[in-house]
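Lettering follows sequence order; numbering is per chain, from 1.
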Protein chains: 2
Amino acid sequence: MAARRTKWQKRKVTMLEIATAAGVSKTTVSFVLNNSPNIIAISESTRRRVLEAAKDLGYSPNAAARSLSTGRSDAILVVVFDSRSWDQSLVGRLRGVEAHLVSQGYSTHMCTVDGEGGTSTFFEILRSGRADGVLLTGSATQDTYPVLHAICGQAEDLGIPIAALADAWLGTPVRVAADIDDESGGEQATSHLIEHGHSRIALLGVAGQGWAESRKRGYEAAHEKAGIPVDPHLFVQLDDHNQTWAYEATLKLARSVDFSAMFIVSDALAVAALSALKAAGRRMPEDCAIVGFDNNETWSKFTDPPLTTVHNPFYESGFAAAETLVHMIRREPIKPVLLPVSLVFRESCGCQRKVSQEQ
Amino acid sequence: MAARRTKWQKRKVTMLEIATAAGVSKTTVSFVLNNSPNIIAISESTRRRVLEAAKDLGYSPNAAARSLSTGRSDAILVVVFDSRSWDQSLVGRLRGVEAHLVSQGYSTHMCTVDGEGGTSTFFEILRSGRADGVLLTGSATQDTYPVLHAICGQAEDLGIPIAALADAWLGTPVRVAADIDDESGGEQATSHLIEHGHSRIALLGVAGQGWAESRKRGYEAAHEKAGIPVDPHLFVQLDDHNQTWAYEATLKLARSVDFSAMFIVSDALAVAALSALKAAGRRMPEDCAIVGFDNNETWSKFTDPPLTTVHNPFYESGFAAAETLVHMIRREPIKPVLLPVSLVFRESCGCQRKVSQEQ
DNA sequence: ATGAAAGCGCTAACAC
DNA sequence: GTGTTAGCGCTTTCAT
């Protein structure tokens, strides 16, 4: 019976209702619920009554109202560049980002930027005040660089902090919120190969990408340290992080120059190279030892041979980047983050097979 | 000079300002900008003036204010279950989801649910009115099933539509917004193996997951069609989508029963199986032909041998699912979506090597 | 064809 | 210690 109310949508509880229930005013409720500075001026008993009422009624603040009133949105926007080419690394980072954001009371908006189109979303989200900060991830290519610049401009205009996750975005004012030690990784990888006795180590890199260039510097540093000259003929620098090119370039290299090992700046490229080397008739690691970079959880340990690679702490860097961004939003001091990386030994480098498959 | 205004934050333009600029009232501006039904009552010239002013001033509506006023949020929440185990499939789907959502003026909130913790975020986002609809993706495991149920309950209480992306969530009221034809995929894969002359085809599946079970049904259907009896001894049903288990189970199977081919319900599991088969001394495809499922863009073509697999249209299913969810939100009629899948022929099934590496 | 005005739910400056 | 009240920017009903 209780006619009226043709369709009963569970009414959202408002502050007013809980104020009434607790016999106080909205203000008091607001102070209590937000633990606002004025909370000191609220008696313990009132506080308790309010909290209780809020709980009983199942209160949740309305985000829009709060946002309208405070001017904040308590959300950040994650922009993924060229998501097409990203896999677990992206997912891992996203998990880390979200984990920290959640702990700080922020929610996560997401948008992707691939070539065209997507741009507008980004601007709308930012301009409509849906985000208090922006986190960039992925890596911009030639197509997306203009977009990247527009994004930076927009964020600056709006006074919204913007930070990059794990990669330098050259030529932009974007600060890297959390980076990993790409150079050290490249050095560890290369040094390990050198320890295995190799002196002609090929390098498969990507030109123009900060992370790849750093890894390459690590490769050079390892040579320097060992007193081995680097031979530029052993370099292949792709114009883009592209597997097909990696395959072809490696095939060509294997047929034209002499080398007994190879450091590849990413696992995704490494599998392509592995495939090309096999096509060139080489057996790994006997005819060519290999080390990659990233340690993709799902795929890298099941290559043939299992790939020795530098572990990239995706989750951790996402977490740290979010942390930095939140500091920026709150105008708190921030310290640069450089996460260490380390080598995961499997068989492609020439190390012996592990006893169990457990790694 | 121009003292005052110590820090100049580009003032957000409001409707009032554009109203003033155009010499009309807020109401008119709102009507024009939203193309509201009353737009018919706005003279073309006024309309143009308003539009022009809005453009000149670089106006963007404030999302919070609009949301507070309309009760909508123009955003949907994507919940990713067990994101740990997802890679490109997730990214592909997310891209699809976002592509459609953007076209409809929705923004995307994201949160993950892994074991513990994350739950709260979810509820907060929903209860604080930040989302008009929920899209579930990933697959719930035993740990996360309770969370899943809580989520469904919450969404229902709030009257917020909730839909699943590409997988049935057994025992919940969640409707599948866009599914792919897992069964047909399993059948195509198996039939192809049968055409290659195999009659003892092992199956590596996952128990309790809708998608995996469907793929298995396809395997059985193919046998039935070919008049080949299925031998349950050839089945391995993992309790979870776990590569280590897949490796071990396959190794054991290879050593205990006789089979000349294998259908594996996912590429991730397939690489583990491939590795195990090699460890058991088999050469592929000669000693064992293999077909997987998913066609991971980055990894599946560089396995050794290149993996023949069923292409899973991740992007498309994300797109379609978002489409359905939007229909649900708008209370428009919806039609079930079942995307077709097809086999990608490479070499692990025994087919000849392609002329170029181009696929 | 257009405008006035009443909210939407919350915050915070200011009174008491 | 606690309450009043004036917005925040937008939508929408109802006048005109």
Side-chain angles (χ1 to χ4, degrees), chain A residues 9 11-51 53-54 57-74 105 124 127-130 132 158, chain B residues 9 11-51 53-54 57-74 105 124 127-130 132 158:
Chain A
Q9 199 93 318
R11 275 264 318 109
K12 278 289 292 176
V13 183
T14 73
M15 279 189 117
L16 188 57
E17 300 178 46
I18 122 164
T20 314
V24 296
S25 74
K26 284 195 315 183
T27 311
T28 307
V29 176
S30 177
F31 284 171
V32 172
L33 263 28
N34 294 320
N35 250 300
S36 85
N38 299 322
I39 188 80
I40 48 168
I42 303 283
S43 74
E44 184 54 25
S45 73
T46 312
R47 212 182 83 88
R48 253 205 282 278
R49 277 210 320 289
V50 170
L51 254 18
L57 272 50
Y59 174 78
S60 278
N62 176 307
R66 179 197 296 242
S67 172
L68 183 56
S69 186
T70 60
R72 286 174 293 132
S73 67
D74 293 321
E124 266 331 298
R127 308 197 47 191
S128 63
R130 286 190 213 267
D132 298 339
L158 264 24
Chain B
Q9 199 93 319
R11 274 263 317 110
K12 278 289 293 177
V13 183
T14 72
M15 280 190 112
L16 188 57
E17 302 178 46
I18 121 166
T20 313
V24 297
S25 75
K26 285 194 316 182
T27 311
T28 306
V29 175
S30 177
F31 284 169
V32 171
L33 262 30
N34 295 319
N35 250 300
S36 84
N38 300 323
I39 188 78
I40 48 168
I42 303 285
S43 73
E44 185 54 25
S45 73
T46 312
R47 211 181 85 88
R48 252 203 284 277
R49 278 208 321 287
V50 170
L51 254 18
L57 271 50
Y59 173 78
S60 277
N62 177 306
R66 180 197 294 244
S67 172
L68 184 55
S69 186
T70 60
R72 285 174 293 132
S73 66
D74 294 320
E124 266 332 297
R127 308 198 47 190
S128 64
R130 286 192 212 266
D132 298 339
L158 263 25

Looking at [options], which one has an atom nearest to any side-chain atom of [X]?
| X | options | value |
| --- | --- | --- |
| B:Ser30 | C:dC10, D:dT12, D:dC10 | D:dT12 |
| B:Ser43 | C:dA12, C:dT2, C:dC10 | C:dT2 |
| A:Thr28 | D:dT2, D:dT11, C:dC8 | D:dT2 |
| A:Thr46 | D:dT2, D:dG9, C:dT11 | D:dT2 |
| B:Thr27 | D:dG9, C:dT11, C:dG3 | C:dG3 |
| B:Arg66 | D:dT4, D:dC10, D:dG9 | D:dC10 |

With nearest nucleotides of DNA chain C determined for B:Ala65 and B:Ile42 from heavy-atom distances, which residue corresponds to the more 5′ nucleotide? B:Ile42

Between B:Ser45 and B:Ser69, which residue's closest nucleotide on DNA chain C lies nearer the 5′ terminus? B:Ser45

Would you mind reading off the distance between [X] atom [atom1] and [N] atom [atom2], rounded to a whole angstrom?
| X | N | atom1 | atom2 | answer |
| --- | --- | --- | --- | --- |
| A:Leu16 | C:dC10 | CG | P | 9 Å |
| B:Asn62 | D:dT11 | CG | C1' | 13 Å |
| B:Arg72 | D:dT11 | CZ | P | 8 Å |

Could you tell me the separation between the CG atom of B:Asn62 and the CZ atom of A:Arg130, rounded to the nearest 0.5 Å? 9.5 Å

Atom pair CG/CZ of B:Asn34 and B:Arg66 - distance to nearest 0.5 Å: 5.0 Å

Both A:Arg47 and A:Lys26 contact DNA chain D. Taking the nearest nucleotide for each, which residue is further toward the 5' end? A:Arg47

Which heavy atom of A:Leu57 sits nearest a heavy atom of A:Val13, and at what distance? O-CG2, 3.1 Å

Between A:Asp74 and B:Glu124, is a side-chain contact (heavy atoms from CB on, under 4.5 Å) present by the stated rule, with each step listed? CA-CA 12 Å; A:Asp74 293 321; B:Glu124 266 332 297; over 6 Å; no

